[in-house]
Amino acid sequence: MSAKKESLGKTVGIVVAVCLVCSIVVSGAAVGLRSIQETNAALDKKSNILAAAGLYEMGMSGSQIESTFSENVEQRYVDLDTGEFTEAPTPDYDMYKAAKQANWSTKVEGSNVGFQRRANVASVWLVKEGNDVNRIILPVHGSGLWDLMYGFLALDADGETVAELVYYQQKETPGLGGEVQNPAWQEKWEGKKLYEDGDVAIRVKKSANPDDPYAVDGLSGATLTSNGVENTIRYWVGENGFGPFLKKQAWRS
């Protein structure tokens, strides 16, 4: 009987030891990979910003992305209430994390964009040629059919003409709402106007006339996703988003 207990005790001891070793190995690997994951995420973000800037080329290496970004793109921060440039609240400031903190964000009311709060300070990226700004890139996000969709809206230096719309994160149905990431659909945004007589005028609608400067043809079979895109863009270029900043055109000063 004692031999059986001793044998069971050894077995349990071995199992515990193996589990402990495995947990240490897994934890060590997770810590070691975290920095790599963060580096890759930052690089992916820069590549999408470069795509919105019209500067990304297929097959660019990580070093090419970094150098092209540093040479042509400047990150700034905007107080969404005043429309003025401001400093980042913290060295590692993230507007999406800030939106979850009441003291750094504002409640969204009367809008169907799919999120409850938006950060008071938002990132923008200025694409420069020498000392001149030729594009302004705005981060945008809002509801799709299944979840929030995240993208970058690039505008010409006039602050009202769309240059690019790039979605980089979405969970829409492949072949339907997922077409928000189809370059052919994204190209339909180029040259569209955001405002008419000072009011937000951009729309996403079925069978839109391609010559209509304020309308983009909706995604086939994906009405709810199309509506989500329209609500997103109209919110972020409106008075509660980047509207005050775009009207002041602070990048010209």
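As a basis for the values below, the full set of heavy atoms in this structure was taken, side chains included, without hydrogen atoms, waters or symmetry mates. Predicted model only: the values in this text are computed from it and were never measured.
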Requested in this report: Just grab all the salt bridge (Lys or Arg N to Asp or Glu O under 4.0 Å) pairs involving residues 94-116, residues at least two apart or on different chains.
Outcome: none

Query raised in the report: Which heavy atom of Gly238 sits nearest a heavy atom of Val200, and at what distance?
Result: CA-CG2, 3.9 Å

Query raised in the report: Can you find a pair of side-chain heavy atoms, one from Arg117 and one from Gln101, that are under 4.5 Å apart?
Result: no

Report task. Keeping to residues at least two apart or across chains, list the salt bridge (Lys or Arg N to Asp or Glu O under 4.0 Å) pairs with something in residues 53-62. Result -> none

Requested in this report: Could you pull out the closest heavy-atom pair between Ser111 and Tyr235, with the gap in Å?
Outcome: OG-CD1, 3.6 Å

Report task. Answer whether the closest heavy-atom distance between the side chains of Val133 and Arg252 falls below 4.5 Å. Result -> no

Report summary line: Ile65 and Leu50 have their tightest heavy-atom pair at O-CD1, 3.8 Å

Query raised in the report: Under 3.5 Å, side chain of Arg234 to main-chain N/O of Ile202, donor-acceptor pair present?
Result: yes

Requested in this report: Linking directly or through intermediates, with side-chain heavy atoms under 4.5 Å: list the remaining ILVMFWY members grouped with Leu176, chain and number order.
Outcome: none

Report task. Please report the closest heavy-atom contact between Pro89 and Trp104, naming both atoms and the distance. Result -> CB-CZ2, 4.3 Å

Query raised in the report: Where do Leu246 and Leu138 land on the side-chain contact (heavy atoms from CB on, under 4.5 Å) test, with the steps shown first?
Result: CA-CA 10 Å; Leu246 296 174; Leu138 311 177; 4.2 Å; yes

Query raised in the report: Going by the salt bridge (Lys or Arg N to Asp or Glu O under 4.0 Å) test, which pairs reach into residues 122-149, not counting sequence neighbours?
Result: Glu74-Lys128, Arg135-Glu164, Asp147-Lys171

**Report entry** Under the side chain to side chain contact (heavy atoms under 4.5 Å, CB included) test, residues paired with Asp79 that sit two or more places apart
**Finding:** Asp81, Thr82, Thr86

Report task. Could you check if a side-chain atom of Val166 sits within less than 4.5 angstrom of a side-chain atom of Ile137, using non-hydrogen atoms only? Result -> no

Requested in this report: Would you please name every residue forming a side chain to side chain contact (heavy atoms under 4.5 Å, CB included) with Ser207, sequence neighbours left out?
Outcome: none

Query raised in the report: Considering residues at least two apart in sequence or located in another chain, which fulfil the ring-ring contact (aromatic ring centres under 6.0 Å, His included) criterion with Tyr96?
Result: His141, Tyr150

Report summary line: To the nearest 0.5 Å, atom OG1 of Thr232 lies from atom CG of Leu148 at 8.0 Å

Query raised in the report: Under the criterion ring-ring contact (aromatic ring centres under 6.0 Å, His included), which of Trp125, Phe245, Phe242, Phe85 is the partner of Trp251?
Result: Phe245

Query raised in the report: Under 3.5 Å, side chain of Asn48 to main-chain N/O of Asp44, donor-acceptor pair present?
Result: yes

Query raised in the report: Got Tyr56 and Ile49 here, is their nearest side-chain heavy-atom distance under 4.5 Å?
Result: no

Report task. Tell me, please, which residues at least two apart from Asn72 pass side chain to side chain contact (heavy atoms under 4.5 Å, CB included). Result -> Leu55, Thr68

Query raised in the report: So how far is it from Leu80 CG to Thr106 OG1, rounded to the nearest 0.5 Å?
Result: 8.0 Å

Query - Side chains of Phe152 and Val140 in contact at under 4.5 Å (non-hydrogen atoms) - result: no

Query raised in the report: Donor-acceptor pair, Tyr195 side chain versus Thr161 backbone, under 3.5 Å?
Result: no

Report task. Mind checking the CG-CD1 spacing from Leu194 to Ile233? Nearest 0.5 Å is all I need. Result -> 8.0 Å

Report summary line: Between the CZ atom in Arg203 and the CG atom in Asn227, the distance rounded to the nearest 0.5 Å is 10.5 Å

Report summary line: One should read off an interatomic distance between Met58 CE and Ser47 OG, to the nearest 0.5 angstrom, of 10.5 Å

Report task. Kindly write out the residues that satisfy salt bridge (Lys or Arg N to Asp or Glu O under 4.0 Å) with Glu66, not counting sequence neighbours, or none if the list is empty. Result -> Lys46

Query - Pairing residues for Glu239 by the salt bridge (Lys or Arg N to Asp or Glu O under 4.0 Å) criterion, not counting sequence neighbours - result: Lys247

Query raised in the report: Hey, quick one: are Val229 and Leu224 part of the same hydrophobic cluster, counting side-chain heavy atoms closer than 4.5 Å, chains of contacts allowed?
Result: no

Query raised in the report: Are the side chains of Leu126 and Asn134 in touch, meaning some heavy atoms are under 4.5 Å apart?
Result: no

Query raised in the report: Checking Gln170 side chain against Gln181 main chain: does a donor-acceptor pair fall under 3.5 Å?
Result: no

**Report entry** Closest contact, heavy atoms only, Asn209 versus Lys192
**Finding:** O-NZ, 4.2 Å

Query raised in the report: Between Gln64 and Ser61, is there a donor-acceptor pair closer than 3.5 Å when you use the side chain of the first and the backbone of the second?
Result: yes

Query raised in the report: How long is the span from the OH atom in Tyr93 to the OG atom in Ser123, to the nearest 0.5 Å?
Result: 7.0 Å

Report task. Look at the side-chain heavy atoms of Ile, Leu, Val, Met, Phe, Trp and Tyr, link any pair under 4.5 Å apart, and say whether Tyr214 and Val204 land in one connected group. Result -> no

Query raised in the report: Is the CD atom of Glu190 crowded by more than 12 outside heavy atoms at less than 6.0 Å?
Result: no

Report task. Output every pair passing salt bridge (Lys or Arg N to Asp or Glu O under 4.0 Å) with a member in residues 152-162, not counting sequence neighbours, ordered by first then second residue. Result -> Asp158-Lys193

Query raised in the report: Between Pro244 and Lys248, is any pair of side-chain heavy atoms under 4.5 Å apart?
Result: no

Query raised in the report: After noting the C-alpha distance and the side-chain angles of Thr173 and Trp146, does the key distance pass the side-chain hydrogen bond (donor to acceptor under 3.5 Å, both in side chains) rule?
Result: CA-CA 8 Å; Thr173 306; Trp146 303 113; 3.1 Å; yes

**Report entry** Heavy-atom pair of closest approach, residues Ser105 and Ala98
**Finding:** CB-O, 3.6 Å

Query - Pro139 and Met95, any side-chain heavy atoms less than 4.5 Å apart - result: yes

Query raised in the report: Out of curiosity, does Val73 fall in the hydrophobic cluster containing Leu153 (side-chain heavy atoms, cut-off under 4.5 Å, transitive links)?
Result: yes

Query raised in the report: Do Leu145 and Met149 share a hydrophobic cluster, counting only Ile, Leu, Val, Met, Phe, Trp and Tyr and linking them when any side-chain heavy atoms are less than 4.5 Å apart?
Result: no

Query - Under the side chain to side chain contact (heavy atoms under 4.5 Å, CB included) test, residues paired with Glu179 that sit two or more places apart - result: Asn182, Leu219

